[in-house]
Amino acid sequence: MPQQKDIVKIAIQMPGAYPQLIQLDQKKPLSAVIKEVCDGWNLPGPDNYALQYADGVQTYITESNRLDIKNGCILRLTKAPGRCAEDLYKGIQSTDSGVRCDSLKELASVSTDVTFAQEFISRDGHLLLVKIVEDSNESNAIMTHTLTGFMELMDHGIVSWENLSCVFIKKIASFVNAKSTDVSIQQVSLDILESMVLSSHSLFLQVKQEVTMERLIAHLQVTNPQIQTKAMALLMALLQTAGDSDRQDMFAFLNKKNLRQYIYKNIIHSSGSVQDEMAHYLYVLQSVTLNHLEPRMRTPLDSYNQEQREILHSLRQTAFETESENSLSHERRRSLCAKEFKKLGFSNNSNPGQDLVRTPPGLLALDTMYYFAARYPDAYSRFVLENSSREDKHECPFAKSSIQLTLILCEILRIGEPPSETRSDYHPIFFSQDRLMEELFCVCIQLLNKTWKEMRATQEDFDKVMQVVREQITRTLSTKPTSLELFKNKVNALNYSEILKLRQTERLHQEETLALPVLELKERLKPELLELIRQQRLNRLCQGTMFKKISSRRRQDKLWYCRLSPNHKMLHYGDAEEETDNPPIETLQDKIPVADIKGLLTGKDCPHMKENKGKQNKEVLDLAFSITYDVEEDSLNFIAPSRTDFCLWTDGLSVLLGREMSSESMRSELEILLSMEIKLRLLDLENVPIPECAPVIPKPPSNYNFCYDFSQTEQ
């Protein structure tokens, strides 16, 4: 008796017959199930039949995938894959072109199923298709079905692409190269060539030899989006599979006559937009092209390389036109070079090459600096000389900034990262600008200098400035500028004040979009936490504080102590000795009933501040407070030892008077407590046991030899 979980209720169809509703026993062999179905329709030869999904992808049911069948599935009784493969194999060889065409059309459809593909290939059916292509005597319709069926069969990976003959490869390439070939044939041929290129380097070389770049570019000019996409896919496969030498040749060809710009504009013009698949290929083209900079980015500067040293010195000589150095002594020339390299912003001015040892950005930083100096010498000289004349703490170091900016651009453009299979976030500016990395650097290094001045930055603000510049670049690129000029205008308009406004707007928006329950929780917690702060303030007043008495001659006289009684009804105060930390309440002879306190004054409103008007400095004013009692003429005057004590006492006295606490210390503590409490409340503590009492504090260690003594390094 089969268990209930092994039974699946399904329907089975067959053309010209009523469906059968059966309970499929997953433990029973599939051949036995098929025999029962055939017996239900009185069909002989159950070995000639198989089950297949009736809807969606019509996959054959096999012992390996039968467990995927769910309750309510509709299956179809059809020819067994072996019988189907045999019939199609014979039909393809028929002398009747109509039979051949129908057989190949059906083959293209059923070849998506791996079970059928195995049966057909086991009969060398794929070689039959290869022969049809090589002979090339069939109509366009038959050839399209042949190529489609062949591509579907090869996609299963049962047969290696490398087994194909040179004649076959040449024939497929001829379909792509021909100007008047049927569009459907060209589309499938491009698919086949892409798979060949991606399968092995030897096939890449054959395809590269047979299909010219000019022809691929021509396919990108057509109005058919499918041909455009397939041609772009083949172009990307060639670029990704090529070795360094071949890739450089292809880059040179693409850069020739601005073909990258032409490709992009033509695709946009023909389709009106970039579809997801084409957007991915544009991203891959951008990624593969920019990645040719990776070797420079990964290579550190070699101080013994004469060419690299000459480039470094050319940067210095371009910025500072000095008298002939040959007439100077060795020491004088060395001192001059070090001074000028320091003005250029190198950290190691005696050996500036050390600044370029870090990788990334390595030699790429040297390349970008040299490109800027050579391409825009006036802007380069203006940058360096302008900062050389500033105060030391406000100068923007050109070399240090350039090295960090190059690294930022590498990260933004993802140089050195292999193309992702899913990304499609290309930059349109890439397709309108040769040497994008270098030109972006030239714009952004001038932007950096502008932002540095707007922020009134010093050397300590270097990292902060670089963060702002990164944000300016990423925000501008996210708007998808289509040209360098448009990027330049937008990024310069996004000045530091605009960045601050955007940050503030986004921060407010983020706060506004906080979940309503969290905001409600915050408001509900606030009274409880305010009461906690009130109790802390009153406890602090009960502990008391030592205050200083200031004479009219502004000379420290003596100390006095003030504290609140435990029942919060009396304020006790009196003179105290300096050695006394916490005098008992009984020793404080004077007292004021809390009920008699009328008001709390602070700062310049205090009587003892008015008496010495104009003589008190701001520090004393910020620490002064007074309480008035009985009549307004009587007051007890305080000068707090610190701002913290001032906040504690003014808050505590406000609580005693029934007023709201208003000190900055209270606001800060409330915010900290609210933040901590909300985080604790939002913790997922389900099924987490919380102990009733605090854990036992472990005993101190026997020694503290594991502690690091930082004073040793300071000395």
Side-chain angles (χ1 to χ4, degrees), residues 290 293 297 315 344-347 355-356 358-362 364-373 375-376 379-388 390 393-417 425 427 429-430 433 435-481 483-507:
L290 288 174
L293 297 170
M297 183 183 75
L315 289 173
L344 266 177
F346 284 96
S347 301
D355 289 24
L356 295 161
R358 184 183 62 158
T359 59
L364 188 57
L366 181 63
D367 295 341
T368 52
M369 285 190 283
Y370 182 70
Y371 183 89
F372 179 48
R375 183 73 186 271
Y376 306 100
Y380 169 69
S381 298
R382 185 165 55 251
F383 185 113
V384 176
L385 296 176
E386 177 183 312
N387 285 286
S388 298
R390 291 185 193 171
K393 63 177 183 177
H394 286 291
E395 64 181 6
C396 177
F398 172 75
K400 183 179 179 181
S401 301
S402 297
I403 293 168
Q404 190 62 27
L405 177 60
T406 304
L407 179 61
I408 287 173
L409 289 174
C410 287
E411 292 171 352
I412 292 173
L413 298 176
R414 301 180 183 276
I415 296 173
E417 295 183 18
D425 51 343
H427 298 295
I429 190 175
F430 167 79
Q433 183 62 54
R435 306 198 70 169
L436 176 65
M437 176 67 181
E438 292 87 346
E439 289 294 339
L440 275 182
F441 174 85
C442 294
V443 172
C444 294
I445 192 65
Q446 296 176 77
L447 167 74
L448 191 153
N449 189 40
K450 172 174 167 286
T451 303
W452 185 282
K453 290 185 286 187
E454 290 170 352
M455 295 175 66
R456 298 177 181 176
T458 62
Q459 295 291 336
E460 289 75 18
D461 301 319
F462 181 81
D463 290 338
K464 183 180 177 182
V465 175
M466 298 311 298
Q467 288 173 3
V468 173
V469 171
R470 178 192 285 270
E471 189 172 343
Q472 289 171 314
I473 297 169
T474 51
R475 284 183 182 275
T476 304
L477 285 176
S478 68
T479 65
K480 300 290 184 183
S483 68
L484 186 69
E485 190 62 30
L486 190 58
F487 170 83
K488 183 178 180 180
N489 293 337
K490 285 188 174 185
V491 80
N492 280 299
L494 194 61
N495 54 36
Y496 180 54
S497 61
E498 287 297 317
I499 289 290
L500 292 179
K501 289 178 184 177
L502 287 170
R503 287 177 177 177
Q504 178 68 12
T505 302
E506 290 169 359
R507 186 161 52 248

Under the salt bridge (charged side-chain N to carboxylate O under 4.0 Å, His left out) criterion, do Lys501 and Glu498 qualify, and how do the steps go? CA-CA 5 Å; Lys501 289 178 184 177; Glu498 287 297 317; 3.7 Å; yes
Might you point out which heavy atoms bring Cys410 and Met297 nearest each other, and give the distance in Å? SG-SD, 3.5 Å
Quiz question: by atom type and distance under 3.5 Å, do the side chains of Tyr496 and Gln472 form a donor-acceptor pair? no
Side chain to side chain contact (heavy atoms under 4.5 Å, CB included) between Phe487 and Gln433, worked out: CA-CA 11 Å; Phe487 170 83; Gln433 183 62 54; over 6 Å; no
Counting only heavy atoms not in Lys480, do more than 12 fall under 6.0 Å of its NZ? yes
Check whether any side-chain heavy atom of Ile408 lies under 4.5 Å from a side-chain heavy atom of Val469, and answer yes or no. no
Stepwise, does the side chain to side chain contact (heavy atoms under 4.5 Å, CB included) test hold for Leu344 with Met369? CA-CA 11 Å; Leu344 266 177; Met369 285 190 283; over 6 Å; no
Considering all heavy atoms of both residues, which atom of Met437 and which atom of Leu409 are nearest to each other, and what is their separation? CE-CB, 3.6 Å
If we only count heavy atoms from C-beta on, is the Leu407 to Arg358 side-chain gap below 4.5 Å? yes
Does either side chain, that of Tyr370 or that of Glu438, offer a donor lying less than 3.5 Å from an acceptor on the other one? no
Side-chain contact test, heavy atoms from C-beta onward, threshold under 4.5 Å: evaluate it for Leu413 versus His427 and give yes or no. yes
Looking only at heavy atoms, what is the nearest atom pair of Glu395 and Trp452, with distance? O-CZ2, 3.3 Å
In the structure I gave you, are the side-chain heavy atoms of Thr451 and Glu471 within less than 4.5 Å of one another anywhere? no
Answer yes or no: is there an ion pair linking Lys453 with Glu386, defined by an N-O contact shorter than 4.0 Å? yes
Quick one, Asp367 and Leu293 - any side-chain contact, counting heavy atoms below 4.5 Å? no
Considering non-hydrogen atoms only, spot the tightest contact between Asp355 and Ile403 and give its length. O-CD1, 3.5 Å
State the CD-CD distance between Glu411 and Glu417, to the nearest 0.5 angstrom. 9.0 Å
Tell me yes or no: between the side chains of Ser483 and Glu485, is some donor less than 3.5 Å from an acceptor? no
Sidechain-backbone polar pair: Asp461 side chain, Thr458 backbone, donor-acceptor under 3.5 Å: yes
Please evaluate residues Val465 and Gln404 with respect to the criterion side chain to side chain contact (heavy atoms under 4.5 Å, CB included), reporting the C-alpha separation (whole Å), side-chain torsions for both, the decisive distance (0.1 Å), and the verdict. CA-CA 11 Å; Val465 175; Gln404 190 62 27; over 6 Å; no
Heavy-atom closest pair, residues Ala379 and Gln446: CB-OE1, 3.7 Å
Checking side chain to side chain contact (heavy atoms under 4.5 Å, CB included) for the pair Ile445/Ser402: CA distance, chi angles, key distance, verdict? CA-CA 7 Å; Ile445 192 65; Ser402 297; 3.6 Å; yes
Looking at CG of Leu440 and OG1 of Thr368, how far apart are the two atoms once the value is rounded to the nearest 0.5 Å? 11.5 Å
Between Arg507 and Gln504, does any side-chain donor sit less than 3.5 Å from a side-chain acceptor? yes
Enter the distance from Leu447:CG to Leu494:CG here, rounded to the nearest 0.5 Å. 8.5 Å
Distance-minimising heavy-atom pair for Cys396 and Leu448: SG-CD2, 3.5 Å
Less than 4.5 Å apart, any side-chain heavy atom of Gln459 and any of Pro397? yes
Nearest 0.5 Å please: distance from the OH atom of Tyr376 over to the CD atom of Glu439. 3.5 Å
Say you draw a straight line from OG of Ser388 to CZ of Phe383; how long is it, rounded to the nearest 0.5 Å? 10.0 Å
Taking the side chain as every heavy atom from C-beta outward, state whether Glu454 and Lys450 have any atom pair closer than 4.5 Å. yes
The reported gap from CZ in Arg414 to CG in Asp425 (rounded to nearest 0.5 angstrom) is 6.0 Å
Any Phe398 side-chain heavy atom under 4.5 Å of Asn387 side chain: no
